[in-house]
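These notes are about the structure you will find just below.
This chain uses plain numbering: 1 for the first residue, then up along the sequence. Atoms considered below: every heavy atom in the structure, side chains included; atoms not considered: hydrogens, waters and symmetry mates.
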Amino acid sequence: MSTGPGFSIIQSVLHPTDFSESSLVAFHHALKAALLSKSKLTLLHVSTDGTSEWSHFPGVRETLERWGALPKGSPKAAVGTLGINAAKVMAKKGEPVDAIGNYLESNPTDLIVLSTSKRDGRIPWLGKSVAEPVTRKAGEMTLLLPGDVEGFVSHKDGSVRLNRILIPIARTPRPEPALNAAAGLVQKWNCSEGTFVLLHVGNSNTMPALRLPEVPGWTWQKELRTGEVIEGIVNAAKEHKADLILLATDGRNGFLDALRGSHSERILRYGVAPLLTIPVGSRASRFLS
């Protein structure tokens with residue numbers, strides 16, 4: 001199967017972690033993304049009380065061995081032979097959001113992978129500063145995994161299960177980056193068949209004109225709903241048993257834009273499926289348009 005552009009453009013993956021069980025699920029998704037895109041992978045932890053230790057980081061090599069990507073007992077250098085440039089960063093105290101922002105300022109990142117609270121859709125360990133105004137404009141794709149959701153990457157063997165992807169669409173933001181990202185994602189991650197569900201909350205007159213990429217083994221299904229947007233997205237995700245929701249955002253503040261008072265946060269609050277946001281104006285968005 002040919003590989004589409006959606007995840008070929010990933011050169012750097014960042015996984016901020018608080019060492020919790022839910023963060024471990026996000027780590028598996030971040031590692032799989034780095035493995036398939038042969039990219040840099042950075043695990044970032046902020047030790048807010050100064051007690052965290054390096055041994056608390058999840059094991060990259062050990063996980064790859066469990067997945068069968070590396071032989072048992074491989075040396076640390078073996079990770080690099082798979083095309084992964086792995087690094088672990090421990091920030092000493094301070095605000096987690098500030099630490100992540102400082103890292104992104106000097107380390108351009110294409111994909112951020114985070115776990116969120118199922119209760120309210122927020123990142124608990126990031127603290128209240130997430131809700132404060134942020135002026136730095138970033139533009140990273142962000143994969144957000146609600147707590148208690150297993151996601152689509154198996155922790156046991158690293159296999160990927162993506163059969164139904166829900167893509168909410170509107171005239172703004174432009175849907176093309178999300179459509180192309182979805183097409184590239186399933187090809188890059190070797191998902192041979194499935195359905196893209198294109199959801200528009202509105203009517204046929206407000207449905208945007210679409211140019212759909214051709215993906216072998218995959219079909220495009222359009223669906224119209226009326227009513228409140230978030231309710232429509234959540235209900236569609238439940239009814240279709242979506243493995244992933246892929247959402248274009250306005251991209252004003254990169255990954256932080258996906259976390260506060262937005263459609264993304266409200267969707268995550270229901271914990272129905274992982275959410276991948278594609279900020280319009282980001283490098284990924286421009287490449288995929």
Side-chain angles (χ1 to χ4, degrees), residues 6 25 29 114-122 141-153 160-187 189 191-215 217-251 257-280 285 288:
V25 173
H29 287 70
L114 281 165
S115 65
T116 74
S117 167
K118 183 177 181 180
R119 180 176 57 84
D120 57 11
R122 295 180 181 272
M141 289 192 296
T142 306
L143 177 60
L144 300 158
L145 292 114
D148 299 332
V149 170
E150 294 183 357
F152 50 87
V153 175
V160 177
R161 187 195 70 245
L162 272 177
N163 301 115
R164 284 187 174 270
I165 298 179
L166 177 66
I167 310 174
I169 57 173
R171 289 180 178 175
T172 57
R174 296 174 54 252
E176 284 79 9
L179 304 182
N180 292 329
L185 171 65
V186 300
Q187 293 182 85
W189 291 42
C191 303
S192 58
E193 60 182 7
T195 303
F196 300 113
V197 180
L198 302 175
L199 172 67
H200 178 65
V201 180
N203 55 52
S204 57
N205 293 327
T206 58
M207 167 75 85
L210 302 172
R211 184 173 56 191
L212 303 177
E214 184 176 342
V215 184
W218 281 73
T219 59
W220 296 89
Q221 175 182 329
K222 296 181 181 180
E223 183 172 311
L224 287 174
R225 295 193 179 215
T226 58
E228 202 270 329
V229 173
I230 302 302
E231 181 181 356
I233 293 173
V234 171
N235 288 340
K238 290 179 179 178
E239 293 170 19
H240 290 284
K241 297 181 179 179
D243 300 306
L244 176 69
I245 302 172
L246 204 157
L247 184 69
T249 67
D250 64 16
D257 182 57
L259 302 182
R260 52 170 201 274
S262 62
H263 284 179
S264 302
E265 182 184 357
R266 294 171 63 195
I267 293 169
L268 287 165
R269 192 173 300 155
Y270 292 89
V272 290
L275 175 67
L276 177 64
T277 65
I278 311 289
V280 172
S285 172
L288 294 168

Point-to-point distance, once rounded to the nearest 0.5 Å, from [atom1] of [X] to [atom2] of [Y]:
X    : Y    : atom1 : atom2 : answer
I169 : E223 : CD1   : CD    : 11.0 Å
L276 : L145 : CG    : CG    : 10.0 Å
E176 : I278 : CD    : CD1   : 13.0 Å
L162 : S192 : CG    : OG    : 11.0 Å
T172 : R174 : OG1   : CZ    : 11.5 Å
L247 : L199 : CG    : CG    : 10.5 Å

I'd like to know if the side chain of [X] reaches the main chain of [Y], judged simply by a donor and an acceptor atom lying under 3.5 Å from each other, with no hydrogens or angles considered.
X    : Y    : answer
W218 : C191 : yes
H200 : L224 : no
W220 : P213 : yes

(message) Taking CD in E150 as the centre, count heavy atoms belonging to other residues, nucleotides or ligands within less than 6.0 Å. Is the count above 12?
(response) no
Below 4.5 Å, heavy atoms only, C-beta onward: do [X] and [Y] meet side chain to side chain?
X    : Y    : result
V25  : S115 : no
F196 : V186 : yes
N203 : T226 : no
L275 : T116 : no

So which heavy atom on [X] is nearest to which on [Y], and how close?
X    : Y    : answer
L166 : P168 : O-CD, 3.6 Å
W189 : H29  : CH2-O, 4.1 Å
P175 : A170 : CD-O, 3.6 Å

(request) Just jot down the side chain to side chain donor-acceptor pair (under 3.5 Å) partners of E228, sequence neighbours excluded, or say none. (result) R266
(request) Check salt bridge (Lys or Arg N to Asp or Glu O under 4.0 Å) between E239 and all other residues, then give those that pass, not counting sequence neighbours. (result) R225
(message) My understanding is that only residues two or more places apart in sequence, or in another chain, count here; which of them pass salt bridge (Lys or Arg N to Asp or Glu O under 4.0 Å) with E231?
(response) none
(message) Can you pull out every salt bridge (Lys or Arg N to Asp or Glu O under 4.0 Å) where at least one residue sits in residues 160-172? Sequence neighbours excluded, please.
(response) R161-D243
(request) Just jot down the side chain to side chain contact (heavy atoms under 4.5 Å, CB included) partners of V272, sequence neighbours excluded, or say none. (result) V234, A237, K238, I245, Y270
(message) Can you list everything that forms a side chain to side chain contact (heavy atoms under 4.5 Å, CB included) with V229? Sequence neighbours excluded, please.
(response) V201, I233, H263
(request) Test P274 against every option in V149, L144, L246 by the side-chain contact (heavy atoms from CB on, under 4.5 Å) rule and name the one that passes. (result) V149
(message) Working note: H240 + T195, criterion side chain to side chain contact (heavy atoms under 4.5 Å, CB included); need CA distance, chi angles, decisive distance, verdict.
(response) CA-CA 10 Å; H240 290 284; T195 303; over 6 Å; no
